[in-house]
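Position 1 is the first residue of the sequence, and the numbers go up from there. Atoms within each ligand, like the ligands themselves, are counted from 1 in listed order.
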Amino acid sequence: MKTTMELLKARDLHEKEFHQAVQEVVETVQPVMDRNPQYRQNAVLERIIEPERVIMFRVPWMDDQGQVHVNRGFRIEMNSAIGPYKGGLRFHPSVNLSILKFLAFEQVFKNALTTLSMGGGKGGSDFDPKGKSDNEVMRFCQSFMAELFRHIGPDTDVPAGDIGVGAREIGYLFGMYKKLRNEFTGVLTGKSLGWGGSLIRPEATGYGSVYFAAEMLATRNENLEGKICLVSGTGNVAQFTTEKILELGGKVVTLSDSTGYIYDEEGIDAGKLAFVKRLKNIQRGRIKEYTEKYVKSVYKEVEPEQEYNPLWNHKADCAFPSATENEINPKDALNLINNGVNLVCEGANMPSTPEAINVFVDKKILYAPGKASNAGGVAVSGLEMAQNSMRLNWPAEEVDRRLKMIMKNIHQTCLDAAADYNEPGNYMAGANIAGFSKVVNAMLDQGLV
Ligand code: NDP
Ligand code: 2IT
């Protein structure tokens with residue numbers, strides 16, 4: 001009989017990122033399958049790797065010169081066993097079915113770990129917001145929503161941001177949804193504060209990731225005070241990861257974007273971070289400009305096909321990959337360890353390749369998989385939905401307190417599940433096992449649907 005992976009690869013031949021995400025889960029949940037014979041009888045693995053629904057659509061839009069362009073839009077409604085589909089939208093030229101299916105698949109387990117009632121989904125487009133005017137972005141978002149609106153809703157499917165989709169895009173998407181449906185509901189999260197957003201949602205993924213790292217360090221009686229940290233990315237997750245590391249006494253020496261990275265041996269302090277936020281969020285500039293202002297720092301370009309990424313080859317204690325998938329290969333993993341890093345906390349989704357993860361697990365460093373450590377973003381999205389339903393807003397302290405509690409809880413859940421299956425300290429195994437168990441049990445309760 002063909003294995004689950006053989007069947008998947010035969011059916012979705014070219015979806016290599018999706019294969020990668022599924023393979024990790026299929027391997028780590030084998031002991032769970034063995035302990036629960038009813039799971040095989042009910043084909044839970046085969047069911048959980050098949051999206052409940054895949055929506056693909058044309059997105060035509062007009063640029064400022066009157067030229068028409070066509071992009072492709074997607075929404076993967078992966079699993080609704082424990083709540084409405086929930087997950088971000090990514091606008092990036094690399095977006096395709098494989099990438100969105102991997103992200104939707106990871107989202108199912110991540111959302112389960114938050115303990116909130118959210119199923120898993122993901123969507124987006126191969127549209128590139130870089131270099132586009134606000135009006136072009138608005139017209140694109142409106143065209144995208146002119147199709148997506150019929151598939152989503154506050155109790156059905158609730159999108160949010162991801163790479164290339166921030167407050168500006170969520171605003172344009174929401175405006176079009178509201179016009180088409182003639183209703184004001186919490187159909188998107190990551191909304192601006194003045195019209196339904198939650199305090200701490202912009203900060204949540206980065207803050208949550210650092211809270212998770214602090215929990216991991218505490219198991220070894222350590223904390224972030226004085227720790228040198230490598231952070232990749234300069235977007236939403238990287239910015240607020242840096243902010244929280246600074247608050248907890250750590251020192252961040254790197255940041256990157258898709259063309260290269262900066263290394264600042266003196267550390268990126270609060271003033272420098274404020275510059276980066278302005279540069280990326282308002283001027284939409286490149287991180288290279290950092291070195292023009294802070295002349296003691298250095299900038300290096302990074303080619304996608306380079307043997308290793310020099311960002312991960314600096315003396316440090318902790319690493320927070322917060323840009324994109326597969327940004328740490330096994331050579332990078334070894335470089336990290338040889339440079340003294342003993343904690344890797346993933347802010348991005350699937351930033352480490354399977355071979356890199358093997359290095360971390362073999363060397364027994366503190367390694368947090370994104371589906372656990374970056375769950376703070378979607379968790380506060382869940383809190384935004386709760387606040388929208390109640391038609392009131394919690395103060396920042398209340399949301400932050402809940403976020404901290406959720407991250408602490410996810411950390412413990414991972415450790416408990418890993419220990420239960422004889423993998424003590426293996427957060428990757430723990431996250432997969434705990435997320436999987438919760439979702440498949442709900443699926444079984446609800447019958448064959
Ligand atoms: P942003 O769009 O705000 O920032 C993305 C950052 O990553 C930018 O610095 C971007 O550089 C860089 N980047 C994007 N693509 C690539 C690439 N192919 N190679 C190298 N660098 C790249 O996105 P977010 O910060 O929101 O997302 C970052 C990661 O975190 C993603 O993996 C996302 O899925 C994950 N995530 C996000 C959550 C959220 O709430 N936003 C929640 C959980 C996970 P440039 O400026 O050049 O494009
Ligand atoms: O990957 C993720 O968890 C996100 N991009 C956030 C999803 C959400 O619904 O807030």
Side-chain angles (χ1 to χ4, degrees), residues 17 83-95 99-100 102-111 113-114 116 118-124 128-131 157-170 186-191 197-198 200-209 231-242 255-262 276-277 279-281 284-288 301-304 309 311 320-327 346-352 369-385:
E17 292 85 3
Y85 309 107
K86 180 82 196 87
L89 296 171
R90 178 178 289 192
F91 291 169
H92 192 273
S94 63
V95 162
I99 289 188
L100 293 182
F102 115 63
L103 288 164
F105 184 71
E106 295 264 307
Q107 199 80 47
V108 173
F109 304 97
K110 183 195 305 191
N111 293 3
L113 289 171
T114 65
L116 302 173
M118 298 182 290
K122 201 87 186 189
D128 187 358
K130 265 201 207 86
D157 184 353
V158 183
D162 192 77
I163 290 178
V165 178
R168 173 182 60 169
E169 290 74 18
I170 293 292
V187 66
L188 292 159
T189 59
K191 299 183 290 297
S198 173
I200 306 292
R201 176 60 189 91
E203 293 86 349
T205 311
Y207 280 18
S209 168
V231 177
S232 66
T234 30
N236 171 271
V237 181
Q239 291 173 15
F240 290 104
T241 295
T242 303
L255 283 172
S256 70
D257 60 23
S258 51
T259 30
Y261 81 101
I262 56 114
V276 171
K277 284 187 183 172
L279 176 70
K280 296 305 281 190
N281 307 349
R284 298 187 190 272
R286 311 302 302 157
I287 194 61
K288 186 175 194 293
E301 244 172 56
V302 181
E303 298 292 332
N309 183 342
L311 187 158
F320 291 83
S322 307
T324 194
E325 57 272 6
N326 292 329
E327 52 172 321
E346 296 185 342
N349 284 308
M350 208 168 77
S352 311
K371 60 170 80 76
S373 46
N374 74 32
V378 75
V380 174
S381 277
L383 301 180
E384 181 173 331
M385 289 163 72

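Residue Arg286 is tested with Thr234, Leu279, Asp257 for a side-chain contact (heavy atoms from CB on, under 4.5 Å); the sole match is Asp257. Here the options are Leu89, Asn349, Ile99, the test is side-chain contact (heavy atoms from CB on, under 4.5 Å), and the partner is Lys122; only Asn349 passes.
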Derivation of the side-chain hydrogen bond (donor to acceptor under 3.5 Å, both in side chains) call for Arg201 and Thr189: CA-CA 8 Å; Arg201 176 60 189 91; Thr189 59; 4.9 Å; no

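Under 4.0 Å from ligand 2, not a single heavy atom of Glu106 appears. Residue Val158 does not touch ligand 2, judged by heavy-atom distances below 4.0 Å.
Sorted by chain and number, the residues within 4.0 Å of ligand 1 by heavy atom are Arg90, His92, Lys110, Lys130, Asp162, Ile163, Gly164, Arg201, Thr205, Gly233, Thr234, Gly235, Asn236, Val237, Ser256, Asp257, Ser258, Lys280, Arg286, Ser322, Ala323, Thr324, Gly347, Ala348, Asn349, Asn374.
Between Asn374 and ligand 2, no N or O atom pair is found at a separation short of 3.5 Å. Ligand 2 has a nitrogen or oxygen under 3.5 angstrom from a nitrogen or oxygen of Gly161.
Distances shorter than 4.0 angstrom occur between a heavy atom of Lys122 and an atom of ligand 2. The closest approach between any non-hydrogen atom of Arg201 and ligand 2 is below 4.0 Å.
The main-chain N or O of Gly161 is never found under 3.5 Å from a side-chain atom of Glu169 such that the two would form a donor-acceptor pair. Not a single donor-acceptor pair under 3.5 Å links the side chain of Ser209 to the backbone N or O of Thr205. Side-chain N or O atoms of Ser322 include one that pairs as donor or acceptor with a backbone N or O of Phe320 at under 3.5 Å. Not a single donor-acceptor pair under 3.5 Å links the side chain of Asp157 to the backbone N or O of Gly121. Of the possible donor and acceptor atoms, none in the side chain of Asp128 sits under 3.5 Å from a partner among the backbone N and O of Pro93. Of the possible polar contacts, one joining the Lys86 side chain to the Val158 backbone as a donor-acceptor pair under 3.5 Å is found.
Within the listing of ligand 2, atoms 1 (O), 2 (C), 3 (O) sit less than 4.0 angstrom from a heavy atom of Lys110. Listed by number with element, the atoms of ligand 2 under 4.0 angstrom from any heavy atom of Ala160 are 8 (C), 9 (O), 10 (O). Contact atoms of ligand 2 toward Lys86: 8 (C), 9 (O) (distance under 4.0 Å to a heavy atom of the residue).
Protein heavy atom closest to atom 10 (O) of ligand 2, with residue, atom name and distance, is Ser381 OG, 2.6 Å. If you check which protein heavy atom lies closest to atom 7 (C) of ligand 2, you get Gly88 N, 3.5 Å.
For NZ of Lys277, the number of neighbouring non-hydrogen atoms (other residues, nucleotides, ligands) closer than 6.0 Å is greater than 12.
Ionic pairing of Glu346 and Lys110 is not present here: no N-O contact between side-chain nitrogen and carboxylate oxygen is shorter than 4.0 angstrom.
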